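Following: one structure in structure tokens, then a few remarks.
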Amino acid sequence: MSALLEVEAVTAGYRPDLPIITDMSVAVARGELVTIIGPNGAGKSTLIKAIAGLLKITSGAVRLEGTLRTNLEPSRMADAGIAYVPQTENIFASLTVEENLKVGAQILGGRAARERIAAAYDSFPDLTAYRRQKAAVLSGGQRQMLAVARALLTRPHLIMLDEPSAGLAPKLVTEVFQRLAALARTGVAILMVEQNAKAAMAISDRTYVLAEGRNRLDGPSAALIDDPEVAAIYLGRAGRRA
Amino acid sequence: MLGIALYLVFFLIVVTIYAILVMGLNLQWGFTGLFNAGVVAFYAIGAYGTAILIGPERPELIGGFELPFALGLLGGAALAALAGLVVALATLRLREEYLAIATFGIAITVQLVALNFDALTGGANGLIGLPRPMFGYFETPNLYNVCYLVAVLAIAGAVYALLERAVRSPWGRVLRAIREDATAARSLGKNPTAIRLQAFILGSGIMGLAGGLYVGFIGFVSPIDFLPILTFQIWAMLIVGGSGNNKGAVLGVLVVWGLWTISGTLISQVVPPSLQSQAGAGQAIIIGLVIVLTLLFRPRGLIGEESVVSKHVRAARVARDNPSSS
Amino acid sequence: MLQAIADGLLTGAIIALGAIGLTLTMGILRFANFAHAEMMTWGAYMALGVLTLFGLPTAPFGPLTFGWPLLVATLVAAGLTVALALLIDRLVFRPLRGRVGHLTLVFASFGVALLVRNVVLLMFGGRATYYSNELQMSVEVMDGLRVMPDQIFVFCFALVLAGAVYLFLQKTPLGLAMRAVSENPSLAGVCGIRLGKVVMWTWIVGGSLAAVAGVLYGVTVQLRPEIGFHLLLPLFAAAILGGVGNVVGAVIGGLLIGLIESLSVLVIPSGYKLAIPFLVLLVVLFVRPSGLFRGTSGGR
Amino acid sequence: MTGTAPPILEVSDAVKAFGAMRAVDGASFAVAPGSITGLIGPNGAGKTTLFGAIAGENPLTSGRVTFDGHDITRLDAYDIYRLKLARTFQIPRPFPAMTVLENVMVAALDQAGEKFWNTWLRPGRVQRQERQVRERAHEVIAFCNLTGVEDNLAGAISGGQKKLLELARVLMSEPRLILLDEPAAGVNPALLDTLVEKIVEINARGTTFLIIEHNMDMVMSLCQAIVVLAQGRVIAAGTPDAVAADKAVLDAYLGEVAA
């Protein structure tokens, strides 16, 4: 399997003396949809923030298509084809919807940007009505759509999403996941962190289960979805950690 | 020889007064992390306050209460503390730099009042003929100056001792805790706003005290003594010596005021009078360079460097090994 | 009264130009730059330097006291001001950024302000000077309102420039990037915006505006090395009044500060005029610290 | 059991809104005095927000918090600590440039020397009290297994020791209720056992605990009562067994399979 993204034994955190994740490894192949789940404090968000260049990696390596990309400035990671959608504050509330998209398309410039933005409205027609309004007026679901639409403008090889379903009504959650599944079929690799574990596993190819800053389980989602071990990691009925 | 000795006395009085000023600033910045960009204002308020309280009655002037010097001194310090209260109340809950902007503003305002409010401050001429404390008891002005130096040294020593006691007490511990993590300090029952307010007001009062002592020394006040450059000089003194360390602060006064005096003397000898204003700029550039270069290359100053870490450890160790002291 | 309003608007327009640069630095670089106003002094004197150095003729336009030479000199001065701003950022602010608390940046800017002011003093001396010795007669526009042609020009020019900056921020990709960074630097980085480039452009825009504002001040009032020092407080007051990071707010804040300063003379002696921005600032901080208009998140 | 005693902490209809987003959306629950109560729930359920609101860091938008008979809804964090309700932080927040001993000493309540004038006017009293505070701090440090590092700078001790320091500091106030935010996060198993042991011991001396924790082994074995929060509301409350058997709880954690 030729991996698009390889994360090898990464240790990172907000402070060098207090790593949140330790020796964590993840790989994503082209066009693959990979889910990361795990109880709170597992270090899921920390992992993708570190990959995106927002946190300092103290040891380990991040490779993209075989090239070393550890601790790159976030904007350089974006250039390299990795889009990242944070869980909160993932849009610019003081800018209009159109401007939010323009920020995302800025690397493209001119005509390509205009075309892609037009295409984004086609894929996310709900946003069209708000083009000239401040993004602050959008609802939670619309914000999520805007953030994803913006991330996709540059046609990234890989899009990383931090809890795309957080704070959304159940009906919207379904819709978001369906869209992500459809997106993966177009060839974009997706790495997403989710709390909505079962729904996320249902649409993804592979799943990593993290706990307490380390890898605990991984494998095809279909195999893990009914694995009692996963529930045990969440609710701890398998007894104390080995 | 006598001339040099007398000049030295003069020099030392000014140094001691500035040392008090720097200790006030050190309490605000060094121990509490509050940026006061208007040091000169609090110094001037103390000076004018004292002058107005002790000055002889004159029909054309407001004030002239002819109070004893000690009361005047305290009154001046209290007025400076009050000014500190006003700016701190307005800004302490907001972005940190708003305090810097507001103190800069009060400095400008005080300068304008000194220049323009003739009935209170004597305007550009200032207030002259102020009584110097116990002047009549001395045979010569020189002897008086020597004694004044002793008195000022004693007061500076008292301020030093009181401040050291305060910053090494539980109060000082809370100051440091708040400076390091105000949120954690709040969760442990400390009110950051109240403690910062105390430190800022106390520091402002000490600056005012320095101003009053200056008045007692020269016997008059005028706007010339309170130019904005003084704020920068005091800052340079503090950070050269090492903020958060009162000994360092005193050392900084000697170094910076020495540099200033020597460069000033040299300039007045070498540079023709027509270029004096440019020469003054040269002196100010030295102060600016001192500030910027110290921040960049030696942020803890000359002797603040290692002691910040080891001091607390040592204090704690001494305290533990010897529980009856401290 | 009418005269005071006109004078206030004129000063206000110049304050507004300076405040735009200041509000951008406070919004994007996230610290209160005490050296910003000194960029105005620097710019004003660089223009004077260019004029004297090349002995350019006055060549006034119509009723104005100046002509193309001053415009050229202003352009050069803007360039030199930007150069100085970038140099200072490189030597002082960048090494400190991220390494220390942001209050130390404020402190450093305080020292830099002293340096810039005195370098100007060293180079040009402390006397008040003018770009031109041409005398200008004021024109009676209406009953009780006399203005100089220069003043009308300066006012219009300042407003046009402020409008241009507004359009730059609203309509250009770079302006958009600056607004994005101002709201959320890390999200902007994730979106592919180079923070270093935005920082550089913030200095370019802020520095050029400061230079132009300095020259305009020199044209309508006079040149003194203290102009920046005296304008610092009005600049801060305007930026905070308008909501930090908000360019339109800074312009309105600047005009308001100019007006209040000018009208205050009707109530209190003119010697206290310089203290008015401080009083306005105190009132704003007590009553509505977030400013009249919504600032960016950098303002909080 | 303590069933008849009035609750030591009562949260009623708590709402905390950030703009249109309601992080806490009408949560109500009570904590029995002397208990160790767990507060669990999936990410984004509003647990830490609720903690912050109880501890006075960011007051509720609406609703009421009563502690020990006092209405503390609008009190500031420092006043709440003075009422002997203490909280710890999920990521420890020591004062890094102060020693461990100083970190602990600073947390003592009612220190006369915290008023600077007392250090001048009543030095004797300040010193006497300082000695008592230091002794007590040494006891607490010993209790928390931090003996030996008390003179180290708090920024330079290990992550686990920082966790213990968090606990040690709040013990200085002899709190009646401690809010612990994820005590087990980032802690190795050996240290975890120590932490649990300490919590049990402190609890035995009469201090109530409300604990946010994701380590379910710890929660299930330690807590007598559990409150489950999801999307800002209490979806279940009761004994560990009852909560563990509740299907709604597992659904809240794992979500339901999307259609």
Side-chain angles (χ1 to χ4, degrees), chain B residues 27 31-33 93 158-159 161-195 197-199 201-203 205 244 300 308-326, chain D residues 52 55-57 76-84 86-89 92-120 123 126-127 129-131 133-135 137-138 150-156 166 169-170 172-173 179:
Chain B
L27 180 60
F31 292 101
T32 321
R93 286 165 188 280
V159 170
L162 289 175
L163 278 181
E164 282 293 301
R165 175 162 263 177
V167 298
R168 292 185 194 290
S169 73
W171 185 69
R173 194 161 56 212
V174 176
L175 277 187
R176 280 187 287 133
I178 288 170
R179 198 184 50 187
E180 286 181 32
D181 190 336
T183 306
R186 279 170 93 87
S187 81
L188 296 172
K190 317 303 171 196
N191 180 345
T193 310
I195 297 272
L197 201 60
Q198 287 172 10
I201 293 172
L202 187 58
R300 284 182 171 164
V308 171
V309 172
S310 59
K311 183 178 68 189
H312 306 312
V313 179
R314 209 181 313 124
R317 205 160 276 152
V318 168
R320 188 197 46 186
D321 298 343
N322 189 4
S324 59
S325 76
S326 146
Chain D
E57 255 148 54
D76 212 313
Y78 43 83
D79 286 325
I80 290 175
Y81 182 79
R82 288 172 194 165
L83 291 174
K84 305 205 167 186
R87 64 105 25 123
T88 65
F89 293 93
R93 305 184 75 137
F95 306 115
M98 290 163 62
T99 65
V100 168
L101 180 66
E102 286 177 306
N103 263 271
V104 175
M105 286 176 72
V106 84
L109 284 175
D110 301 322
Q111 301 185 53
E114 281 183 12
K115 300 189 167 66
F116 64 84
W117 53 91
N118 278 343
T119 66
W120 305 335
V126 170
Q127 270 183 34
Q129 205 187 32
E130 188 73 346
R131 266 200 300 281
V133 168
R134 190 178 300 112
E135 267 167 43
H138 279 298
E150 57 262 72
D151 293 342
N152 293 22
L153 293 183
E166 283 279 308
R169 281 201 309 208
V170 300
M172 285 300 282
S173 67
L179 310 180

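Predicted model, so just to flag it, every value in this text is computed and none were measured.
For chain B, no part of D:Ala112 is nearby; none of its heavy atoms comes within less than 4.5 Å. Contacts of B:Ala185 with chain D are made by both backbone and side-chain atoms, with heavy-atom separations under 4.5 Å. In this structure, no portion of D:Met172 lies under 4.5 Å from any heavy atom of chain B. Looking at D:Asp79, there are no atoms closer than 4.5 Å to chain B (heavy atoms on both sides), in backbone or side chain. Using a 4.5 Å cut-off between heavy atoms, D:Val106 touches chain B through backbone and side chain atoms alike. Within the 4.5 angstrom heavy-atom criterion, only side-chain atoms of D:Phe89, from C-beta onward, approach chain B.
No side-chain heavy atom of B:Leu162 sits less than 4.5 Å from a side-chain heavy atom of D:Phe116. Annotation: side chain of B:Thr32 is not in contact with side chain of B:Ile178 (no heavy-atom distance under 4.5 Å).
Because its NZ or CZ atom is not both nearer than 6.0 Å to the ring centre of D:Phe95 and within 45° of the ring axis, B:Arg173 does not count as a cation-pi partner of that residue.
Across B:Leu175, B:Leu188, B:Leu202, the residue that shares the most heavy-atom pairs under 4.5 angstrom with chain D is B:Leu188. With chain B as partner, the option from D:Met105, D:Glu166, D:Glu135 having the largest number of non-hydrogen pairs under 4.5 angstrom is D:Met105.
With sequence neighbours excluded, no residue satisfies side chain to side chain donor-acceptor pair (under 3.5 Å) with D:Gln129. Taking the side chain to side chain donor-acceptor pair (under 3.5 Å) definition, one finds that B:Asn191 meets it with D:Tyr78, sequence neighbours left out.
The distance from atom CZ of D:Arg93 to atom CG of D:Asn103, rounded to the nearest 0.5 Å, is 13.0 Å.
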